[in-house]
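Written out below as structure tokens is the structure these notes cover.
Here is how names work: the chains are called A, B, and so on, in the same order as the sequence lines, proteins then strands, and each is numbered from 1.
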There are 2 protein chains.
Amino acid sequence: MANGYTSDLSGDDIRSNSDVPEVVVQRLPLYVRVLSQFESAGAEMVSSEHLGTQLQMTPAQIRKDLSYFGRFGKQGRGYNVKRLALELRSILGLDRQWNAGLVGVGRLGRAIIAYPGFRPEGFRVVAAFDADPSVASSAIGDIDVRPIAEIKNTVADLGIRIGIVAVPAANAQSVFDALVEAGIKAILNYAPVAPQVPPNVKVRGIDPVLALQSMTYFLKPDRTDG
Amino acid sequence: MANGYTSDLSGDDIRSNSDVPEVVVQRLPLYVRVLSQFESAGAEMVSSEHLGTQLQMTPAQIRKDLSYFGRFGKQGRGYNVKRLALELRSILGLDRQWNAGLVGVGRLGRAIIAYPGFRPEGFRVVAAFDADPSVASSAIGDIDVRPIAEIKNTVADLGIRIGIVAVPAANAQSVFDALVEAGIKAILNYAPVAPQVPPNVKVRGIDPVLALQSMTYFLKPDRTDG
DNA sequence: GTTTGTGAAGGATTTCACAGCA
DNA sequence: TGCTGTGAAATCCTTCACAAAC
């Protein structure tokens, strides 16, 4: 995200900071992704050097990151691609399904429901919520849309662990509050706001505008291109 | 946002690292955003304390960040909301329009074109490109769709400074190459790949899956909720 | 009294560099 | 020989704490 603000840890039922830096956790999915690519390209072994080239990172950083979780490599040979991918997926909890609840079924919310990239990675949107009563109590595809007031019950009933917020900025904070109240500890936020949540709830923001705005800074010394 | 990997700087025509840390630049848009909110709420002045509460950051960090660019505050009073917003927008180059070219007009690409959040912030998608010849040379809304081979000319003709990549993973690298070849220095990447670009080209990734995958780590110690 | 701007301190992250193993 | 795993060094980033300004 661009740019995930991330409300931090040290809850009681969220994995505590223990001593793995947050940045390291954020890089793990990147490793999983390129390992998958190597895997389907048929590679058996891979070195930190090789991974580093793909990800434009130093080999040392990759080795250090992995060393927080175990000793997965073999000197002189590198890492077994399949094994390392499996280990990392297990560390991240990607070896199971995660149910998500989407709040806001406007244009963006519908695009999120239709997005085909979640399922193959084990994320399922199993319920949707909306403030508009004419939308709520209908259905989109095979997903029921319910009134916001039902978040808490539905979260419990369907085993929802992840919230996805796709409502207008003005309504976003009240949605965060409702999700937190429902016991949600991980939120993917598409709304252009800085969420106020307790420190034991993680929020990652998806915000293309913020991403663009931090790049224009570097474009400024603007040699008249066009 | 989620997690922007960011291929770094020190080009010749990209604002050099000088000595403002990259993290600081990435926070500036956040400040702009909450300042806008305060502005439309009618606030005249704001303190670093107050901003910090909104953004869940320490006041010291905000003051330090701002101090890289100038002395915008008044002791005892804080910052003038309108003035600070204006200064930051100017620093980030948000006081003008930026033209972007979108590559890939599938489901996601069309959603990006339809996204109403760019325009009000000064970002305009002025051209689209696609590999599929049956889509290229058509138009979507008021935007022409052209073959990928025309990127370079179109970038020059329309003054495009920003590339937006919304193609399938398999085609993404060749699109990055084409954009770089066309002289683009800032790319917003929606494709789930780690781009290989020269160090003077900035890339920010928008990737909800990566964002989710780094949150599940903290959910793992999984008290059977559902 | 309040709040900024900033050196200096403290903490976190990255990189170095090399012993140890295959 | 080739490459990992890792303490130690170096760098980067955040927070502290206070003089100066309003």
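Nearest heavy atom pair, residue A:Val209 against residue B:Gly117, reads CG2-O, 3.7 Å.
Considering only residues two or more places apart in sequence or on other chains, B:Lys152 meets the side-chain hydrogen bond (donor to acceptor under 3.5 Å, both in side chains) condition with B:Glu181. By the side-chain hydrogen bond (donor to acceptor under 3.5 Å, both in side chains) test, A:Asn99 pairs with A:Arg124, sequence neighbours left out.
Per the geometry, NZ belonging to A:Lys74 stands 14 Å off C1' belonging to D:dG5, to the nearest Å. In this entry the distance linking CD of A:Glu49 with P of D:dG2 reads 12 Å, nearest Å. The CZ-P distance, from B:Arg77 to C:dT4, rounds to 12 Å in whole Å. If you take CG of A:Leu66 and P of C:dT13, they are 16 Å apart, rounded to a whole angstrom. For B:Leu84 and C:dT4, the CG to P distance is 11 Å, given to the nearest whole Å. In this structure, OH of B:Tyr68 is placed 7 Å from C1' of D:dC13, rounded to the nearest angstrom. Atoms CD (A:Glu44) and P (C:dA22) sit 19 Å apart, rounded to a whole Å. Protein atom OH of B:Tyr79 is 13 Å distant from nucleotide atom C1' of C:dT2, rounded to whole Å.
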Between N or O atoms, less than 3.5 Å apart, protein on one side and nucleotides 16-20 of chain D on the other: list the pairs.
residue	atom	partner	partner atom	Å
D:dA17	N6	B:Arg63	NH2	3.2

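Under 4.0 angstrom from either OP1 or OP2 of D:dT14 there lies at least one side-chain N or O belonging to B:Arg27. Listed pair B:Ser48 / C:dT4 meets the phosphate criterion, a side-chain N or O lying under 4.0 Å from OP1 or OP2.
When each of C:dT6, C:dT13, D:dT15 is scored by its nearest atom to the side-chain atoms of B:Gln61, the top-ranked nucleotide is D:dT15.
When each of B:Asn200, B:Val25, B:Val201 is checked for a side-chain contact (heavy atoms from CB on, under 4.5 Å) with A:Phe218, only B:Val25 meets the rule.
No salt bridge links B:Glu44 with B:Lys74; every basic N to acidic carboxylate O contact stays at or beyond 4.0 Å.
Taking the nucleotide of DNA chain C with the nearest heavy atom to each of A:Val23 and B:Gly70, the more 5' of the two is matched to B:Gly70.
Once rounded to the nearest 0.5 Å, the distance linking CG of B:Asp65 with OG of B:Ser67 reads 7.5 Å.
When atom types are taken as modelled, the side chain of B:Thr216 and the backbone of A:Leu92 share a donor-acceptor pair closer than 3.5 angstrom.
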